[in-house]
Number of protein chains: 2
Amino acid sequence: MTKKLISAPLPTLKRLPRYLHILQDLKAKGIKQVSATIIAEELGIDSIQVRKDLSTTGIIGKPKIGFELNELIDHIVHFLNWDNMTDAFLVGLGGLGKAILGYDNFKNYGLNIVAAFDTDPELLDTKVHCVGVFDIKKLEDLAQRMKIHIGVLTVPVSAAQEVAEKMVAGGIKAIWNFAPVKLKLPDNIIIENVFLSQSLGVLTHRLAQLKNTEA
Amino acid sequence: MTKKLISAPLPTLKRLPRYLHILQDLKAKGIKQVSATIIAEELGIDSIQVRKDLSTTGIIGKPKIGFELNELIDHIVHFLNWDNMTDAFLVGLGGLGKAILGYDNFKNYGLNIVAAFDTDPELLDTKVHCVGVFDIKKLEDLAQRMKIHIGVLTVPVSAAQEVAEKMVAGGIKAIWNFAPVKLKLPDNIIIENVFLSQSLGVLTHRLAQLKNTEA
DNA sequence: TAGATTGTTAATCGATTAACAATC
DNA sequence: TAGATTGTTAATCGATTAACAATC
């Protein structure tokens with residue numbers, strides 16, 4: 001039986017991977033128990049928030065003691081579904097696509113990229129970071145046959161919508177989108193965008209602000 | 001005289017680059033005016049929110065007409081400080097570092113990477129995507145002499161804190177951090193984190209949820 | 001003019017933070 | 001035991017959404 005995964009507020013969901021990083025550090029140091037206070041201090045946030053976030057994963061702590069480290073890690077990992085490796089396709093072997101393929105750590109995050117796609121004839125039927133590269137024409141058919149549910153989209157903006165539609169046609173249910181464009185897809189498709197310009201905008205705005213207040 | 005940059009709520013700040021993408025698309029199509037309604041439809045958000053967000057940039061629209069496209073673009077670009085190119089250093093030439101160096105578009109986002117740093121002897125004194133690569137030992141001195149204020153941090157977790165401290169020692173005021181670790185730096189240093197695991201966690205959790213509700 | 005849109009004030013909603021009893 | 005921590009309910013805070021007058 002699979003435990004039911006109850007959802008959480010988006011901000012909570014985004015903090016969970018950060019807790020996990022800390023916890024795995026502590027585990028490597030041989031620590032067995034941890035309190036919300038410790039985690040909070042490490043991340044510079046409020047301990048009440050940590051406690052509330054952790055409770056959404058279903059973990060039960062012990063007053064005065066805190067949480068069993070291994071048990072807590074398991075709960076977070078399960079909540080994020082990182083205990084089940086999910087196969088994925090990646091489309092677009094530009095710099096970013098290659099970087100993601102080469103970043104082994106995503107295996108710790110439940111993501112297993114099993115094939116890559118591009119239009120560049122030079123790349124077809126080669127391997128990049130041990131992953132086979134195929135023509136985009138084969139995407140839909142292969143996705144269906146291999147029952148792929150996650151697509152990583154690292155193509156230029158101009159191709160993003162078209163490729164995303166092919167992913168959906170192939171039965172892909174969730175798209176990790178790195179192209180700075182709003183994908184127009186059916187409502188039941190999960191889209192998670194990584195827009196680097198957002199993050200950079202925050203940085204440059206704040207830096208300008210800082211310089212203005214200094215001047 | 002530089003116009004004063006008033007700050008905005010973080011969610012607003014993060015939406016502004018997305019508005020800009022849409023507006024530049026419209027500009028390329030030769031359109032001269034735009035209403036909040038149009039932008040909102042394009043992004044699938046509320047038009048009231050768009051109006052409020054835009055007003056934080058200081059733009060004044062015309063009832064019934066909307067906004068002058070060029071004027072609106074200028075306001076957002078100025079608000080994000082993307083009209084002033086800021087020189088930056090990048091440290092860590094792994095896959096991600098190389099991808100960022102190769103992504104010319106950041107020049108549209110006010111970021112100009114003028115030098116890269118690594119420890120790999122093979123890379124030193126070569127050029128990657130037309131940017132010179134230097135030994136990390138030279139980082140502090142060069143940052144000071146060139147008055148660099150932004151550092152892009154794409155090193156492994158194990159090196160992140162140490163390199164970040166070198167950046168600060170070199171006078172860098174804002175760090176765009178891609179290493180999944182909390183940097184411990186003075187309060188006046190601006191840190192903007194890009195934690196891909198956060199985004200991936202949201203995706204895998206939601207996909208698991210979807211499958212659970214289907215089953 | 002009538003309809004559409006802006007800009008702003010007020011209401012709602014949801015997340016964070018505070019308070020506190022329970023407890024190892 | 002006393003102090004520290006959990007889990008939960010209530011209060012606060014801030015962002016989103018609604019309402020509406022002004023206006024081209």
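Reminder, nothing fancy here: chain letters follow the sequence lines and each chain counts from 1.
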A:Q33 CD - D:dT6 C1' separation (whole Å): 14 Å
Intra- and inter-strand pairs of DNA chain C in dot-bracket (Watson-Crick or G-U wobble, both distances under 3.5 Å; | for another strand): ..||||||||||||||||||||||
Is it the case that the side chains of A:H149 and B:K211 hold a donor-acceptor pair, with the cut-off being a distance below 3.5 Å and no angle test? yes
Compare the minimum distances between each of D:dA4, C:dA4, D:dT17 and the side chain of A:K64, then state the nucleotide with the smallest one. D:dA4
For B:R15 and B:I45, what are the C-alpha separation, side-chain angles and deciding distance, and is it a side-chain contact (heavy atoms from CB on, under 4.5 Å)? CA-CA 10 Å; B:R15 281 189 294 267; B:I45 61 177; 4.0 Å; yes
Under a 3.5 Å cutoff, is there a donor and acceptor pairing between the side chains of A:Q161 and A:E165? yes
note: B:K62, atom NZ; C:dG3, atom C1'; distance rounded to Å ~ 18 Å
Quiz question: by atom type and distance under 3.5 Å, do the side chains of A:H205 and B:N81 form a donor-acceptor pair? no
Go through D:dT6, C:dT5, D:dT16 for me and flag the one nearest to the A:P63 side chain. D:dT6
Rounded to whole angstroms, how far apart are CD1 on B:I60 and P on D:dA22? 17 Å
Compare the minimum distances between each of D:dT17, C:dT5, D:dG7 and the side chain of B:I48, then state the nucleotide with the smallest one. D:dT17
In whole Å, I'd like the distance from the CG atom of B:L10 to the C1' atom of D:dT16. 15 Å
For A:P9 and for B:S55, locate the closest nucleotide of DNA chain C by heavy-atom distance; then report the residue assigned to the nucleotide nearer the 5' terminus. B:S55
Go through C:dT17, C:dT6, D:dG7 for me and flag the one nearest to the A:D46 side chain. C:dT17
Is the A:W176-A:F106 ring centre distance short of 6.0 angstrom? yes
Classify the nucleic acid contact of B:S35 as base, sugar-phosphate or nothing, counting any heavy atom under 4.0 Å across all strands shown. sugar-phosphate
Output the rounded distance in Å from CD1 (A:I38) to P (D:dA4). 13 Å
In whole Å, what is the span from the CG atom of B:L72 to the C1' atom of C:dT5? 14 Å
For A:D53 and D:dT8, what is the distance between atoms CG and P respectively, to the nearest whole Å? 14 Å
What's the CG-P distance between A:L54 and C:dT16, to the nearest Å? 13 Å
Phosphate OP1/OP2 of C:dC20: any A:R51 side-chain N/O under 4.0 Å: no
Before giving the answer on salt bridge (Lys or Arg N to Asp or Glu O under 4.0 Å), spell out for A:E42 and B:K184 the whole-Å C-alpha distance, their side-chain angles and the decisive distance to 0.1 Å. CA-CA 9 Å; A:E42 201 63 33; B:K184 288 168 186 170; 2.7 Å; yes
Tell me whether B:K14 at atom NZ has more than 12 heavy atoms from other residues, nucleotides or ligands lying less than 6.0 Å away. no
